[in-house]
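I have placed the structure first, in the form of structure tokens, so that the comments after it can refer back to it.
All values derive from a computational prediction rather than experimental measurement. Letters A, B, ... are given to chains in the order of the sequence lines, protein chains preceding strands, and every chain is numbered from 1.
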Amino acid sequence: MDWFWKFPAMNEDSFLLLKKTIDESFRGFTRGYGDAIESFFSPLQTFLIAVERLLIATPWPVIVLIVAALAWGASRSLKVVAGCAAALLFIGYFGMWEDTMKTISMIFVCTVLSIIIGLPTGILMSRSNGVRSVVNPLLDIMQTMPSFVYLIPVVMLLGIGRVPGVIAVVIYALPPMIRLTDLGIRMVDRDVLEAADAFGSSSWQKLKDVQLPLALPTIMAGINQTIMMALAMVVIASMIGVQGLGQPVLKAIANQYFTLGIFNGLAIVGIAIIFDRISQSFGLRLQKHREVAHG
Amino acid sequence: MASSSIEIRNLYKIFGSRGKDYVKAVADGMSKTELNAEHGHVLGLKDINITIPGGQITVIMGLSGSGKSTLIRHINRLIDPTSGEIIYDGADICRMSEEELRQFRRKRTAMVFQKFGLLPHRNVLQNAAYGLEIQGVAKGEREERARRWINRVGLEGFDAKYPNQLSGGMQQRVGLARALANDAEILLMDEAYSALDPLIRVDMQTVLLELQKELKKTVVFITHDLDEALRLGDKIAILRDGEIVQQGRAEDIVMNPANDYIESFVKEVNRGRAIRVGAVAQPLTGGEAGPSIDADHSVEDALKVMLSASADRLTVMGPDARPVGTVTRDQLLHIIVM
């Protein structure tokens with residue numbers, strides 16, 4: 001009855017062997033293909049550095065003006081414009097301008113990457129229940145797996161730096177983009193789709209003229225979520241060498257610098273609010289005429 | 001060519017994964033309930049045979065669940081048939097390839113929907129031009145053609161409005177403009193007016209009848225409303241449980257209902273308005289007598305003319321303004337009260 005009280009686990013030697021085999025084969029893989037993979041991601045590295053340099057090199061009043069213009073374009077509300085500008089000015093006044101630009105550039109690259117990967121994946125998912133049943137569990141894993149766990153292989157493969165940080169952030173921030181694209185397309189009114197069919201639309205015409213435009217508000221909500229989740233990863237990403245607002249926070253944790261921590265934390269909150277308000281009010285404005293009206 | 005007819009022959013639709021296997025059983029007399037209970041398949045249409053004459057309005061009438069919406073969707077194959085054929089202009093619609101079907105839908109049919117099916121993110125003009133856009137007509141030309149039809153359906157000045165800024169009746173005018181702008185021979189109207197208020201519905205019926213006088217399209221109109229069917233239909237087919245119970249002119253259905261089911265419908269009909277004098281006129285014996293009336297006027301109109309002219313006999317005039325027959329007051333009164 002021993003097995004009843006104590007779980008008959010795998011014996012320790014074979015477990016050790018298993019771990020060793022997996023570790024060793026992955027290490028072998030890293031040695032064999034690490035360089036190839038690194039060069040595969042090198043365009044991403046170049047892009048990241050270019051965006052970061054551009055943002056840092058741009059004089060601060062220009063950045064404030066651009067953000068204000070974006071806010072106005074998206075929301076047509078002076079309140080939103082004033083709020084966004086004020087947040088940036090505070091950040092600058094407290095000496096966090098450069099770190100903020102670095103963080104914004106990383107968030108920007110991560111968001112662009114998430115859209116490039118997420119939009120087509122979401123479209124494929126919406127068209128086939130087969131694809132959906134494969135992708136959905138993957139997304140569940142991406143969202144629930146603690147990020148430190150997938151940081152290990154990423155760092156083993158690519159070392160420490162911006163690119164592994166971006167990959168970690170994208171893994172975490174991608175799922176809402178995919179899910180909401182899928183959901184948005186699936187929610188498109190069937191009557192409108194039938195009309196598109198009846199007039200002889202090809203499936204590309206249907207996607208471009210009906211499904212994507214009608215799903216756009218939902219897709220915008222996905223982009224908004226992706227940005228928010230990417231910001232939430234800033235501190236974790238800084239642990240593997242991503243520069244920006246995360247690093248002072250990390251330093252503050254290690255040394256118990258309360259003020260440093262809270263200021264940088266507030267700066268992250270500040271840019272989160274800027275991104276959120278701009279993307280949300282844009283989504284809302286898109287929605288103005290979109291609901292299908294009856295009667 | 002614009003008046004080519006649509007021939008539907010032995011059309012069956014059985015919903016379910018193995019529909020084809022049960023066509024024979026249904027043809028041999030298995031009922032809708034039996035099919036559903038024993039095999040879990042739903043009978044949509046059973047042995048439909050109908051000629052939809054070109055250049056006329058054919059109304060398919062039935063209550064919900066009768067299969068009328070299923071039937072109209074076979075004509076542009078939004079629903080694939082289980083067996084049977086639909087011949088139009090020498091081609092079987094049921095055998096068209098994807099590409100042929102797409103071209104057929106683009107060029108030769110246009111459809112108006114009960115729930116309008118407008119694109120909510122596009123304004124009236126862009127919606128009306130949608131069919132032409134799908135066909136690949138250049139922007140300038142398609143907007144000009146669309147604008148012409150917007151004006152024809154009475155929406156002048158609403159080009160830049162969005163569908164949710166319009167009332168139901170106006171949205172359906174957009175739907176009609178979109179369909180007419182396509183300039184297709186076949187116009188499919190799926191309960192197009194069922195979602196509208198009664199007054200607006202009558203209004204839209206008038207719009208359709210007036211346009212049809214000039215356009216002479218092959219119109220298939222679905223409705224659950226017998227009054228609407230009688231008013232619009234050059235030909236009427238009544239559908240019940242996926243089968244055609246009776247087809248013919250309005251007068252045939254009102255005066256000679258095929259069975260109790262149709263009779264129960266027809267009982268409530270205002271016969272004075274549904275029956276046209278042309279359909280009941282007696283052959284001319286002797287010369288013309290009394291005032292004249294056009295054959296497509298209703299019995300009620302004829303009685304009004306008789307009353308105001310205090311005549312008890314009218315001469316019925318055919319389309320070329322030649323006398324084709326005669327009606328008497330007693331005969332007309334008989335039609336109304338019997």
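Taking 4.0 Å as the cut-off between side-chain N and carboxylate O, A:D140 and A:R179 count as a salt-bridged pair. A salt bridge links B:D225 with B:R201: the distance from a Lys NZ or Arg NE/NH1/NH2 to an Asp or Glu carboxylate oxygen falls below 4.0 Å.
Under the 4.5 Å side-chain criterion, counting only non-hydrogen atoms from C-beta, B:Q114 is not in contact with B:I222. The shortest side-chain heavy-atom distance between B:R173 and B:D203 falls under the 4.5 Å cut-off.
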Extract all donor-acceptor atom pairs below 3.5 Å that involve side chains of residues 269-278 of chain A and protein atoms in other chains or at least two apart in sequence.
unit_1	atom_1	unit_2	atom_2	d
A:D276	OD1	A:N224	ND2	2.8
A:D276	OD1	A:Q280	NE2	3.3

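Chain A forms more heavy-atom pairs under 4.5 Å with one residue of B:Q172, B:M170, B:R178 than with any other, namely B:R178. The greatest number of non-hydrogen atom pairs below 4.5 Å with chain A, out of B:G131, B:A110, B:G117, is found for B:G117.
Under a cut-off of 6.0 angstrom, the local environment of NZ in B:K139 is sparse, with at most 12 non-hydrogen atoms contributed by other residues, nucleotides or ligands. Atom CZ of A:F282 has 12 or fewer heavy atoms from other residues, nucleotides or ligands within 6.0 Å.
Taking CG of A:L174 as the start and OG1 of A:T111 as the end, the distance is 11.0 Å to the nearest 0.5 Å.
Looking at A:Q205, only its side chain comes within 4.5 Å of chain B, counting heavy atoms on both sides. In this structure, chain A has no heavy atom under 4.5 Å from any part of B:N123.
Evaluation of the side chain to side chain donor-acceptor pair (under 3.5 Å) rule for B:Y130 yields A:S201 as partners, not counting sequence neighbours.
Close approach to chain B, defined as a heavy atom under 4.5 Å from one of its heavy atoms, is seen in no residue of residues 76-91 of chain A. Applying a 4.5 Å heavy-atom cutoff, the residues of residues 69-81 of chain B that approach chain A are B:R73, B:N76, B:L78.
Put simply, the side chain of B:R147 never gets that close to the backbone of B:L125: no donor and acceptor are under 3.5 Å apart. A side-chain donor-acceptor contact under 3.5 Å links A:R285 to the backbone of A:G73.
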